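The next block holds one structure in the form of structure tokens; read it before the comments.
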Protein chains: 2
Amino acid sequence: MPHGSILRELRQTKPFPSNREEAFVGILRTADMLRWRISEVLEPEGITLAQFNVLRILRGARETGLPTLEIGARLVEQAPGITRLIDRLELAGLVRRERPRADRRQVLCHIEKKGLALLSRLDTTVPQASEVLFAGLASAEIDQLITSLDAIRSVCAARCTSLRKQ
Amino acid sequence: MPHGSILRELRQTKPFPSNREEAFVGILRTADMLRWRISEVLEPEGITLAQFNVLRILRGARETGLPTLEIGARLVEQAPGITRLIDRLELAGLVRRERPRADRRQVLCHIEKKGLALLSRLDTTVPQASEVLFAGLASAEIDQLITSLDAIRSVCAARCTSLRKQ
DNA sequence: AGACAATAGTTGATATGTCAAGCAAACTCG
DNA sequence: CGAGTTTGCTTGACATATCAACTATTGTCT
């Protein structure tokens, strides 16, 4: 069966002018669905995907903590509104902020016990969800997928970096 | 070279627990970059990616026009705020709305000459951009990518449809 | 030391997305 | 026919994203 399921999904009849464009749309559409599915899992805990990612990043730096903008740089998806995102996490008691003496410009963020507890509740359900979603693909196929996406991002990054940092 | 570029990009050290999770993150991250790159191309025309997609959908139905919610259903990414999105397009003179006599509940949307002109200005630059971004991949690799993404979405859709329509 | 720039983050204005409730036209069925 | 339901869309309230200024601290250069 040739691919073409996107055409059906979008109820279009014209074929894509090139497979690059089809892949382009396919990536956006798949990401949207994945984001949607994972949000379903996160909803009971009352956090968004971006907040979840921030918490996981902070868990990875539990002892030292991380400055605000460093968190932003590590986020999967860009988040210029990182300050206010962390405002909400702090308000919810999941995160703590502190201004270190060494460099008083920066603000170190630490995950709180409450945040760790929340993450540990998700540690089984989130991987479970991605297991299910990728069930239709063989392991080698997933590896190939990862490699292809990496290649796209490396081209993209080469043309982006100069602009991203201004 | 084994994949692992995401780890570098996110400045993480721990490997992903499974390649499914790595693929998951890879898709979200790649989609974010693509969205960012394409927005750059659209910016000079003053429209967003969602608005661009709506215009293209309406161009595909030039003669008949389309009811508002039908446009929403065809969008690449979900857009519940379709009404206000079209409000802005109408305000910009790119789209026209009309309430047909046959079924006066629905609102038919048509693309205006100004909208068609805008799209035609993008008809070369947008495909060019995706050409560049996928330059690192062989055509067969792109086909494989499309197939894999289709497979993910088909699993996802099977579990989503029931919820999407409530 | 003092001027200037760079860094780290915050804030405000504005745009956009999201959710639930609401309204009116059309359908359904006793 | 007419009460109740469904469909198609809009609206309001609120959350979040985006962009451009702005503050405070530190680093750099003469």
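Letters go in sequence order (proteins before strands), and every chain restarts at 1. Just so we're clear, the structure is a prediction, and the values are computed from it rather than from any experiment.
- A donor N or O paired with an acceptor N or O is not found under 3.5 Å between the base of D:dG8 and the side-chain atoms of B:R104.
- Between the side chain of B:R37 and the main chain of B:D32, no donor-acceptor pair closer than 3.5 Å is present.
- Side-chain atoms of A:R99 stay outside donor-acceptor range of the base of C:dG9, with no qualifying N/O pair under 3.5 Å.
- OP1 or OP2 of C:dT10 lies within a sub-4.0 Å distance of a side-chain N or O belonging to A:T83.
- Where B:E43 and A:Q51 each meet DNA chain D at their nearest nucleotide, the meeting point lying more 5' is that of A:Q51.
- Between A:R97 atom CZ and C:dT10 atom P there is a gap of 5 Å when expressed in whole angstrom units.
- Residue-to-nucleotide proximity on DNA chain D shows that, of A:G81 and B:D87, the 5′-proximal contact is made by B:D87.
- Nearest to the side-chain atoms of A:V107 among the listed nucleotides D:dG8, C:dT10, D:dT10 stands C:dT10.
- When the nucleotides D:dA24, C:dT10, D:dC9 are ranked by their closest atom to the side chain of A:R105, D:dA24 comes out on top.
- Among the nucleotides C:dG9, D:dG8, D:dC9, the one closest to any side-chain atom of A:L69 is C:dG9.
- You'll find the side chain of B:R96 reaches within 4.5 Å of the side chain of B:E98, heavy atoms only.
- When atom types are taken as modelled, the side chain of A:R99 and the backbone of A:R105 share a donor-acceptor pair closer than 3.5 angstrom.
- You'll find a donor-acceptor pair under 3.5 Å spanning the side chain of A:R84 and the base of D:dT18, going by distance alone.
- Summarising the local packing, CZ of B:R104 is surrounded by 12 or fewer heavy atoms from other residues, nucleotides or ligands at distances under 6.0 Å.
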